[in-house]
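Report on the following structure.
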Amino acid sequence: MSDLIAPLNEAGVAAAVREAGAMRAPLSIEGHGSKRGLLRPVQAARGLTTRGLTGITLYKPTELVLSARAGTPLPEIEAALAEHGQMIAPEPPDTRGVFGAELPATIGGIVATNLSGPRRITAGAMRDHLLGIRFVNGMGEVVRNGGRVLKNVTGLDLCKLLAGSHGTLGVMTEVTMKVLPAARASATLAIAVPDLATGVRALSAGLTSPFGVTGAALRLDAAGPVALLRLEDFPDFVAYRAGRLRDDLAAFGDVTVIEDSAAIWRDVRDAVPLGAMPEDAIWRISIRPSAAPAVAAALQAAFGARLLLDWGGGLVWIAGPATEAAHAAVMAAAAAARGSFTLFRAPAPMRAAVPVLPEEAPALAAIGARVKAALDPFGLFNPGRMRSSL
Amino acid sequence: MIALPPPKPEILARRDEIVAALLALLPADAVIHEALRMRPYETDGLSAYRQMPLAVVLPSTTAQVAAVMRYCHDNGVRVVPRGAGTSLSGGALPLEDAVVIGMMRMNRILEIDFDDRLAVVEAGVTNLGITKAVEHEGFFYAPDPSSQLACMIGGNVGMNSGGAHCLKYGVTANNLLGLKLVTPQGDIIDLGGDHLDAAGYDWLGLMTGSEGMLGIVTEVTVRILRGPEGARAMLAAFKGTEIAGAAVDAIIGSGIIPVALEFMDKPCIHACEAFAHAGYPLDAEAMLIIEVEGSVAEQDSLLDRIKEICNRFDPISLKVATSAEESMAIWKGRKGAFGAVGRISPDYLCMDGTIPTGELPFVLKRIGEMSVQYGLQVANVFHAGDGNLHPLIMFDANDASSFHKAEAFGGDILKLCVEVGGCLTGEHGVGVEKRDLMHVQFAPHELDQQRAIKTAFDPAWLLNPHKVFPLLDAA
Ligand SMILES: Cc1cc2nc3c(=O)[nH]c(=O)nc-3n(C[C@H](O)[C@H](O)[C@H](O)COP(=O)(O)OP(=O)(O)OC[C@H]3O[C@@H](n4cnc5c(N)ncnc54)[C@H](O)[C@@H]3O)c2cc1C
């Protein structure tokens, strides 16, 4: 990008947007740009970054709330939380590895992409922990929505609408998150399962147990598939539940209890076990867990897909050749499972040529276009990012 | 009193024709137009407000909802969606020129899948009905509003309802996967699905809590959860509200998030005790009900930790349930709190602001002062963990000035909630009740931004047009 505007405060963001509006000159919106390769390439000559808007503005551990300016690097927030034994529960991934980025994600970027890690299965997604936002809309106005309290249904929930909108509806300048105590202890049951279908059933058995599983992934190691179930709580609770679960799940395969498993889950979170080659495309499919074996079989047959399952089988990470044929197979597998797909990483020409997200039904697409116009009437923000038409 | 938009005279004049058209779209018994039979639909849980509608329809299928919506859209007829009508903010209040779409006949459970941990239900299934359908396998649907016996999942989506256990399990929005929606134009669309985090805009999130202004929900796919091994409650009574508030902070600060953490003040303790004989300490200024989950050993361990924390705050009494029956006894008073207040006062308004929990002592002190100033009694129950306050303002509906005073008192409490950093409503919704206070929390352009989203869904403003937003001068 030749021209990157980096305001130092919210008023600067608003001014830059108003100026862009006056010129009808679209902007690509980013934090540190660590996920620039996600979804479609943006059709804009100039960029606007929130990286100048940094700093935690409110943190009340006993009220479980933290606010930070959008450009605050995630590691800075995680370090502040760790000092009080707290965390952002959805454990957002660090996508530097996948995208080869140098700078870490900003909190604004994580919220805007609504990316959540393994704990999403029980703790909820980033959008579930988003309490409030300040954003600049396409008219250059600063708009607040939500707030800093844990329960709030006052007016329409634009927080959830902007979370996951990939910067196409507004420029978030500050976000307020619900934060939670981090568990004192954790352990992981690793079950050597005979095949993927058995593995998904084992994950399901863990998640339908009363033991509060907080991570349920399936790794397809060279030595064979391994189902992983994480427990997190006070040490004595974890020990008790690991024992109970080990007995309950023994029928699925040999169970090993791993005491120190933080690295295992960090890797799952960041899709490391997917083993994507640098030249591979990466997709994510979200489906109901019981559909995972059929999806996996279809993709392995179509292009020898490499796979990693998370969210009890409900999230399938896929790596394979960056070809339109492979993409068509992913779209078909997602559609057959009535699920949703995201082209997560691919060379820019491919991302520009194919739908990177499922198409919406015409009636919904029409509403979507009107909602976009209500927030960004001049089409300034990230044109083309999610769909060629938006 | 809050004003309703003036009815459109041309619609009132066409009433017979509109009823005939609805009768052509639906079975005869699904269209109600006689005054006597429409009477039950003239109000909801905010019974001080009443308005007879033009007609009421009770569709049984999504296709019927779509047919009615398309007709109303094409003919400029306003529509008010209604679940069980338990809204405490007047969310289901009709308009004189509006057709009420009542969802109670859409009460089928369409699918239950324990392995995938989801259920697909029609919008008129009651909240408790979902749990009842899955509890034989040890599952439950988490959000549990006190009205759960009556209120419907479609209404829960409308209001993004919470419950006593949402500190751990979240509110409605956190427990949904998908919706089937009929748009104001009468199109049928699916939002979300049977999986997590469908790609694209978060329509599911926007719809939840949109108070029936963006579309009619006909089916809901919810997450169902396996219940814990067990749960147990304890009661802790303190000499002051500030002390109880500090105990709440200390519990959460210690890294324990109980499944429920409820707070009651003295007037509320007294009202509940007189009603339920739950053994509440009458000399306490404030009382907490704390519930934990897990195996018996885990419950013991958590309750010991919490007891130890409470002991640092010089409690008047601590009572830990030793059985499910004793837990139920502890909860009995709290669950009957609204009914209990109803017995000591002919009428009450239930407020619903949220505050930062650290502001609790200050806010309770101010509410006490206002109570003296307005000459009206108030009892406070409070979801302490998340700061959601429910002051119950007692008044006499037969005395108009008493009602007006109660409304003004309630308004002052909500303004106070916003002043200290909170919001107007934590779970009951804005409805008509808090509509004219929205400017306290939002600047004009912020309300306009939200209105523009409403317009994107419903350009003609036919669906619940009198809710949530202050009426524009033009309207
Ligand atoms: C005694 C009592 C206790 C309560 N306790 C709680 C509590 O603990 N927590 C809590 O959050 N609330 C509580 N409430 C408030 C109320 O029960 C909730 O708001 C509930 O979700 C309303 O559901 P309902 O089916 O009665 O909906 P209604 O009151 O009929 O409607 C609620 C709103 O949703 C809209 N709506 C209804 N159905 C649909 C649909 N299918 N599609 C689109 N829009 C629709 C309506 O237009 C209206 O705006 C309580 C109420 C009472 C009377």
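In what follows, chains carry the letters A, B, and so on, assigned in the order in which the sequence lines appear, proteins first and then strands, with residues in each chain numbered from 1.
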Where [X] and [Y] come nearest, the two heavy atoms and their spacing:
| X | Y | value |
| --- | --- | --- |
| B:C423 | A:V149 | SG-CG2, 3.9 Å |
| B:M438 | A:G155 | CE-CA, 3.8 Å |
| B:P459 | A:R370 | CG-NE, 4.3 Å |

Any donor-acceptor pair under 3.5 Å from A:S286 side chain to B:L196 backbone: yes
Flag, side chain of B:S210 to backbone of A:L156, donor-acceptor distance under 3.5 Å: no
Passing candidate, side-chain contact (heavy atoms from CB on, under 4.5 Å) with A:K151, options B:L389, B:D386, B:T425, B:D352: B:D386
Any pair counted as salt bridge (Lys or Arg N to Asp or Glu O under 4.0 Å), so long as it reaches residues 57-67 of chain A, sequence neighbours left out: A:E63-A:R148
Residue selection (most heavy-atom pairs with chain B, distance under 4.5 Å) from A:T62, A:D233, A:L150, A:T154: A:T154
Trace of the side-chain hydrogen bond (donor to acceptor under 3.5 Å, both in side chains) decision for A:N152 with B:T354: CA-CA 7 Å; A:N152 184 350; B:T354 308; over 6 Å; no
Results of salt bridge (charged side-chain N to carboxylate O under 4.0 Å, His left out) for A:D310 - residues two or more places apart only: none
Salt bridge (charged side-chain N to carboxylate O under 4.0 Å, His left out) partners for B:R435, two or more places apart: none
Chain A contact via B:L424 - side chain, backbone, both or neither, heavy atoms under 4.5 Å: both
Note: B:D194-A:R288 ion pair, threshold 4.0 Å (strictly below): yes
Residues of residues 168-177 of chain B contacting chain A, heavy-atom criterion under 4.5 Å, by residue number: B:V171, B:A173, B:N174
